[in-house]
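Following: one structure in structure tokens, then a few remarks.
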Amino acid sequence: MLHMYEFAPIERKWQERWEREHLYRAPNESAKPKYYAMEMLPYPSGDLHVGHAKNYTIGDAVARMMRMLGHNVLHPMGWDAFGLPAENAAIDRGIDPAAWTTENILNMRRQIRLMGTSYDWSRELATCEPEYYRWNQWLFLQLFQHGLAYKRHAPVNWCPHDQTVLANEQVVDGRCWRCAHLVERRNLSQWFLRITAYADRLLADLEKLPGWPERTRTMQRNWIGRSEGANVAFVVDSLDATIEVFTTRLDTIYGVTFLAVAPEHPIVESIKRVVSPSDAAAIDAFAASLKSKSELERTSLMEKQGVFTGAYAIHPLSRERVPIWLTNYVLAEYGGGAVMGVPGHDERDADFAKRHALPSAQVIVPPGEVDPEPLAGPYVEDGLLVASDEFSEMSSAHAREAIAERLVAMGAGAKSVSYKLRDWLISRQRYWGTPIPIVHCAACGEVAVPAGELPVLLPPREHVAGRSSTLASNAAFRETQCPACGGPAERETDTMDTFFESSWYYLRYLDPHNDTAPWDPRRPAYWMNVDQYIGGAEHAVLHLLYSRFFYKFFHDQGWVAGSDEPFERLFHQGLLLRDGEKMSKSRGNVVGIDETAERNGVDAMRLFLLYVTPPEETSSWTDDGISGRVRLLNRIWRACEPHFEVAGDERTLPPTPTPAEKALLRAVHLVAKSAIDETLTRRFHYNTTIAKLDELVNAMTAASATPPSPALLYAVRALPILIAPFAPHIAEELWERLGHQTSVHLERYLEPDDRALSVDEITLVVQVNGKVRARIAAPAGIGEEDAMELAMADANVRAYLNGKAVRKRIYVADKLLNVVAA
RNA sequence: GGGAUGGUGGUGGAAUAGGCAGACACAGCAGACUUAAAAUCUGCAGCCCGAAAGGGCGUCCGGGUUCGACUCCCGGCCAUCCCACCA
């Protein structure tokens with residue numbers, strides 16, 4: 001009679017017991033070393049599928065391993081609960097976004113528990129609760145008071161579909177990261193966080209993060225985009241004003257044949273007053289044609305357009321007059337919105353000059369070429385200067401220094417550093433977010449809401465289907481008194497980008513119920529940094545950059561001790577596909593958690609997710625794949641079931657009279673060794689651990705006998721501990737059936753024992769001239785001479801040597817002997 | 001255009017201080033059990049030659065280093081991801 005493992009009641013039983021006994025609570029003090037394992041907190045969008053489960057299963061396996069290796073493990077879970085999907089659902093269906101969110105949290109919490117995860121639920125948080133966003137507002141005001149939050153009028157990215165502005169990081173290929181609509185450009189007064197003040201540290205400190213994937217660090221480096229160069233002032237002819245340009249190629253300054261200026265540049269208004277009416281009209285027409293065009297359209301999609309302003313600037317060194325052009329290819333928000341046009345040495349300038357028949361000059365020649373050929377296009381490499389007054393014949397690098405010095409002496413320029421990174425726009429013209437705690441007073445200006453009056457509560461939303469409803473339209477919310485002078489004033493009606501909340505939630509987990517501070521500084525002193533952070537690579541320049549910025553600010557305020565980086569090690573899990581595509585409702589290829597738990601059990605699901613591929617790789621869900629893991633669990637059950645009553649709890653290695661028994665003990669310890677190695681090296685390739693578990697179970701199946709050998713019983717006793725981090729329910733059930741009263745998850749993981757891992761006999765591979773010619777069984781630890789003797793006794797080896805003299809031999813102990821013959 | 005990562009059987013993958021390529025699993029084939037099927041257990045399985053012993057070829061392609069290369073170096077091809085008119 002074959003027995004099946006009845007997963008459904010057993011999984012339910014243990015989940016209930018773990019919860020009742022608070023098995024995974026992490027105390028804030030412990031004699032054990034701490035370990036903070038965290039997965040990126042989810043947005044409560046509704047239903048989880050097995051793709052989400054992959055992320056949580058990896059994190060849970062790591063947390064469980066570290067717990068069983070003797071650490072006080074903090075493994076928390078929460079909800080990134082503000083945001084657009086809730087509000088859009090509210091608009092579509094006329095419901096309350098708070099209710100929609102709460103309902104989703106309830107369902108997803110149930111599903112995450114259903115996966116058998118080991119979270120400390122006493123620390124659960126949801127960012128939409130006033131207890132949380134109160135501290136969001138408090139932190140905003142701290143930034144405000146330190147000059148790191150400010151409101152300014154600026155061209156910003158506007159998503160016409162979501163009806164809100166977006167941060168730069170949230171514009172992907174010119175489109176809204178959420179709804180993929182083309183982003184427009186608008187001039188609006190908006191709240192920014194001065195992340196650029198930290199640009200240098202955010203860049204330099206990437207070196208402190210060897211535990212991060214290299215590609216993520218590279219992406220942040222690219223995003224911050226530090227360029228060293230110089231600012232140069234060009235005086236506008238017949239106008240008491242200058243245009244400052246930023247350049248990394250000061251050595252090409254004698255090649256300037258025009259200035260290229262963005263139409264938003266402030267100088268344009270002044271220029272319009274001194275040029276002819278027809279020129280001014282052309283300027284206006286050009287600016288109007290670009291007004292609402294997004295940066296993407298202006299730069300990538302459009303050809304290089306421009307219009308001559310009619311004005312000229314004076315070259316600071318050559319004193320020549322260079323025409324000032326307005327162009328679409330100069331970014332208003334970078335490098336001052338103006339560049340020097342050097343068609344001889346810049347692809348973009350060359351392209352523009354060609355299109356508008358502007359002259360080009362070559363002032364750099366390739367080094368070492370006596371008589372350089374005329375070039376087809378611009379020469380963009382470094383070289384030697386020509387036609388550059390006294391700087392001629394200098395190298396590019398040398399000339400950059402010398403010209404900068406000269407400009408400084410003239411008061412016409414200075415060395416300078418530019419960043420691609422721009423300040424983080426956090427205003428959102430949406431309802432479902434944290435209200436920005438600022439009051440606008442005609443007399444006092446921008447006034448912070450006093451800390452004692454926080455939180456500024458989000459008022460209930462008018463539930464009108466099909467209509468958006470913002471704080472701006474809510475007069476009762478908007479109208480208030482100025483906290484400073486008591487006069488009539490208006491509240492800020494923008495809400496915060498939800499990335500604000502997620503930039504510090506990992507600190508709130510440490511002290512989630514504190515109502516006098518966002519956290520007690522003693523908590524991070526013990527728990528920080530996050531030892532292992534696990535989440536998707538799509539956040540490489542969003543959440544992960546913002547969090548680093550916040551944490552540096554907290555560090556500077558003395559609110560967190562130690563490092564000024566929050567995440568010690570970062571791991572990006574790979575996607576889980578089905579039929580070669582990402583799971584989505586619209587494709588109809590979603591594999592749900594509930595149906596999988598019901599059909600296969602969550603232990604099988606967890607094993608499958610860990611087993612298909614290494615965790616960082618893209619993997620594919622297959623029904624055949626998971627049935628293989630169901631099969632494994634059944635085999636585990638059958639291998640142990642006959643021995644529940646007789647196994648006992650002896651932990652010491654039994655004597656092993658036969659090689660098969662010795663091999664069985666070895667298989668046990670190989671699983672332990674793999675699990676521990678994969679955890680401590682942070683590779684998390686538990687796919688190889690589970691493969692060794694397969695081998696162990698194969699060996700146990702082969703070793704079944706009546707009566708069972710001491711080696712088999714040892715394996716039966718060890719198995720629940722070995723599988724506990726990966727298949728926690730069956731592990732617990734086996735453990736209990738073997739007579740234990742306490743949870744297997746409180747046990748120490750099996751310590752690999754060299755006596756069990758060692759082998760008595762090895763396979764000596766014998767090569768002749770590098771080709772394998774024999775495999776000979778030999779005692780472990782065999783010496784080179786004995787190995788040679790064994791090899792020479794082999795007929796096939798002798799045949800290949802064919803009497804030739806042995807010129808050389810290479811011996812790798814217990815592995816290989818390579819005999820090299822003439 | 002710049003950068004990152006990768007390319008191994010029918011499939012997912014294993015092998016990293018340079019030392020047996022293909023562990024383990026899925027799918028497949030054969031056998032045992034069964035009236036039968038399912039389930040389970042056992043066995044086979046990179047390609048080619050061979051009855052077998054054994055041999056030749058083989059980790060994207062072409063070179064190189066080495067006694068020995070999936071692994072290291074040079075060149076190329078392909079795939080995925082990221083950045084991209086950032087002056």
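As a basis for the values below, the full set of heavy atoms in this structure was taken, side chains included, without hydrogen atoms, waters or symmetry mates. Residue numbering restarts at 1 for every chain, and letters A, B, ... go by the order of the sequence lines.
- Proximity of N222(A) to the phosphate of rG2(B): no side-chain N or O atom is located under 4.0 Å from OP1 or OP2.
- Here the side chain of K420(A) is nearest to one of rC83(B), rA4(B), rG13(B), namely rC83(B).
- The nearest whole Å value for the distance from the CG atom in L575(A) to the C1' atom in rU5(B) is 14 Å.
- Pairing of rG50(B), defined by two Watson-Crick or G-U wobble distances under 3.5 Å, is not identified with any nucleotide.
- Spacing of C1' atoms, rA30(B) relative to rA17(B), comes out at 43 Å, to the nearest Å.
- Heavy atoms of F352(A) sit nowhere under 4.0 angstrom from any nucleic acid atom.
- In this structure, rA4(B) forms a base pair with rU80(B), meeting either the Watson-Crick or the G-U wobble geometry with both donor-acceptor distances under 3.5 Å.
- Nucleotide rC44(B) forms a Watson-Crick or G-U wobble pair with rG28(B), both donor-acceptor distances falling under 3.5 Å.
- Between W637(A) and Y5(A), the two ring planes are tilted [angle within 30° to 60°].
- Between rG13(B), rG55(B), rA15(B), one nucleotide has an atom nearer to the side chain of N796(A) than all others, and that is rG55(B).
- Toward the 5′ end of RNA chain B lies the nearest nucleotide of V171(A), the other residue of the pair Y334(A) and V171(A) mapping further downstream.
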Listing time: all N or O pairs from protein to nucleotides 56-59 of chain B that are below 3.5 Å?
residue	atom	partner	partner atom	Å
rG56(B)	OP1	R773(A)	NH2	3.4
rG56(B)	OP2	R773(A)	NH1	3.4

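- Stacking of K304(A) on the aromatic ring of F352(A) is not recorded, the 6.0 Å distance cut-off and the 45° axial limit not both being met.
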* Asked: Passes side chain to side chain contact (heavy atoms under 4.5 Å, CB included), T248(A) versus E228(A)? Steps please.
  -> CA-CA 6 Å; T248(A) 57; E228(A) 281 187 36; over 6 Å; no
Polar atom pairs between nucleotides 18-20 of chain B and protein, under 3.5 Å, N or O only, would you list them?
residue	atom	partner	partner atom	Å
rG19(B)	N2	Q767(A)	OE1	3.3
rC20(B)	O2	R775(A)	NE	2.7

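- Regarding the sugar-base torsion, rG9(B) falls in the syn class, its angle being within 90° of 0.
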* Steps toward side chain to side chain donor-acceptor pair (under 3.5 Å) verdict (W424(A), E169(A)) -> CA-CA 8 Å; W424(A) 172 15; E169(A) 289 80 5; 5.5 Å; no
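- If you check rA38(B) for Watson-Crick or wobble pairing at under 3.5 angstrom, you find it has no partner at all.
- Considering only side-chain N and O atoms, S227(A) lies under 4.0 angstrom from the phosphate OP1 or OP2 of rA87(B).
- The side chain of A691(A) has rC24(B) as its nearest neighbour among rA87(B), rC24(B), rA15(B).
- Base pairing annotation: rU65(B) forms no Watson-Crick or G-U wobble pair, as no partner gives both donor-acceptor distances under 3.5 Å.
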Please produce a list of atom pairs where a protein N or O lies less than 3.5 Å from an N or O of nucleotides 42-48 of chain B.
none

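- Across rC26(B) and rG13(B), the matching C1' atoms stand 11 Å from one another, rounded to whole Å.
- Here K808(A) does not reach the OP1 or OP2 of rG68(B): none of its side-chain N or O atoms lies under 4.0 Å away.
- Among the protein residues, D351(A) comes within range of no part of the nucleic acid, since none of its heavy atoms lies under 4.0 Å from any strand.
- As a whole-Å value, the separation of L817(A) CG from rG68(B) C1' is 12 Å.
- For the side chain to side chain contact (heavy atoms under 4.5 Å, CB included) criterion with L576(A), the lone passing option out of T618(A), L609(A), T613(A) is L609(A).
- Using a 4.0 Å heavy-atom cutoff across all strands shown, E214(A) reaches no nucleic acid atom at all.
- One C1' atom belongs to rG19(B), the other to rG2(B), and the distance between them is 39 Å to the nearest Å.
- Comparing rC60(B) with rG68(B), their C1' atoms are spaced 23 Å from each other, to the whole Å.
- Counting non-hydrogen atoms under 4.0 angstrom, V339(A) reaches a base of the nucleic acid.
- A salt bridge links R400(A) with D382(A): at least one charged nitrogen is closer than 4.0 Å to a carboxylate oxygen.
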Using atom types as modelled, flag every donor-acceptor pair under 3.5 Å from a side chain in residues 774-782 of chain A to any protein atom, sequence neighbours excluded.
none

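- In summary, R185(A) and E264(A) engage in a salt bridge, as defined by a charged side-chain N under 4.0 Å from a carboxylate O.
- By the 4.5 Å heavy-atom criterion applied to side chains, L610(A) and F726(A) are counted as neighbours.
- The separation between Y611(A) atom OH and rG12(B) atom C1' is 9 Å, rounded to whole Å.
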* To do: Could you go through the side chain to side chain contact (heavy atoms under 4.5 Å, CB included) check for T689(A) and Y611(A) one step at a time?
  => CA-CA 9 Å; T689(A) 306; Y611(A) 183 66; over 6 Å; no
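- Of the P atoms belonging to rA53(B) and rG58(B), the separation is 22 Å, rounded to the nearest Å.
- Salt-bridge annotation for R217(A) and E214(A): present, with a side-chain N of the basic residue lying under 4.0 Å from a carboxylate O of the acidic one.
- Ion pair D760(A)/R666(A) not flagged as a salt bridge, since none of the NZ, NE, NH1 or NH2 atoms sits closer than 4.0 Å to an Asp/Glu carboxylate oxygen.
- Listed candidates were rA87(B), rA23(B), rA15(B). Nearest to the side chain of Y329(A) is rA87(B).
- Ring planes of Y254(A) and H315(A): tilted class, angle from 30 to 60°.
- Distance CD (Q220(A)) to C1' (rC81(B)): 16 Å, rounded to an integer number of Å.
- Comparing H685(A) and T248(A) against RNA chain B, the residue whose closest nucleotide sits nearer the 5' end is H685(A).
- As a whole-Å value, the separation of K692(A) NZ from rG13(B) C1' is 12 Å.
- Side-chain contact, R629(A) with N600(A): no donor N or O sits under 3.5 Å from an acceptor N or O.
- Under the Watson-Crick or G-U wobble criterion, with both distances below 3.5 Å, rG9(B) is left unpaired in every strand shown.
- For rA79(B) and rG28(B), the C1' atoms lie 29 Å apart once the distance is rounded to whole Å.
- Under the 4.0 Å criterion applied to side-chain N and carboxylate O atoms, R355(A) and E303(A) are assigned as salt-bridge partners.
- Note on R226(A): nothing from the nucleic acid sits closer than 4.0 angstrom, heavy atoms only.
- Within the 4.0 angstrom heavy-atom criterion, only backbone atoms of the sugar-phosphate kind lie near P614(A); the bases stay farther away.
- The C1' atoms of rA39(B) and rU34(B) are separated by 11 Å, rounded to the nearest whole Å.
- Taking atom C1' on both nucleotides, rA23(B) is separated from rA45(B) by 15 Å, rounded to a whole Å.
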* Structure fact -> Protein-proximity profile, nucleotides 26-34 of chain B, B/S/- by nucleotide at the 4.0 Å heavy-atom cutoff, equals SS-------
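- Annotation: cation-pi pair R773(A)/Y800(A) present, NZ/CZ under 6.0 Å from the ring centroid and within 45° of its normal.
- Remark: aromatic rings of W177(A) and F499(A) are close, center separation under 6.0 Å.
- Partners of V820(A) by side chain to side chain contact (heavy atoms under 4.5 Å, CB included), not counting sequence neighbours, listed by chain and number: N769(A), R807(A), K808(A), I810(A), N818(A).
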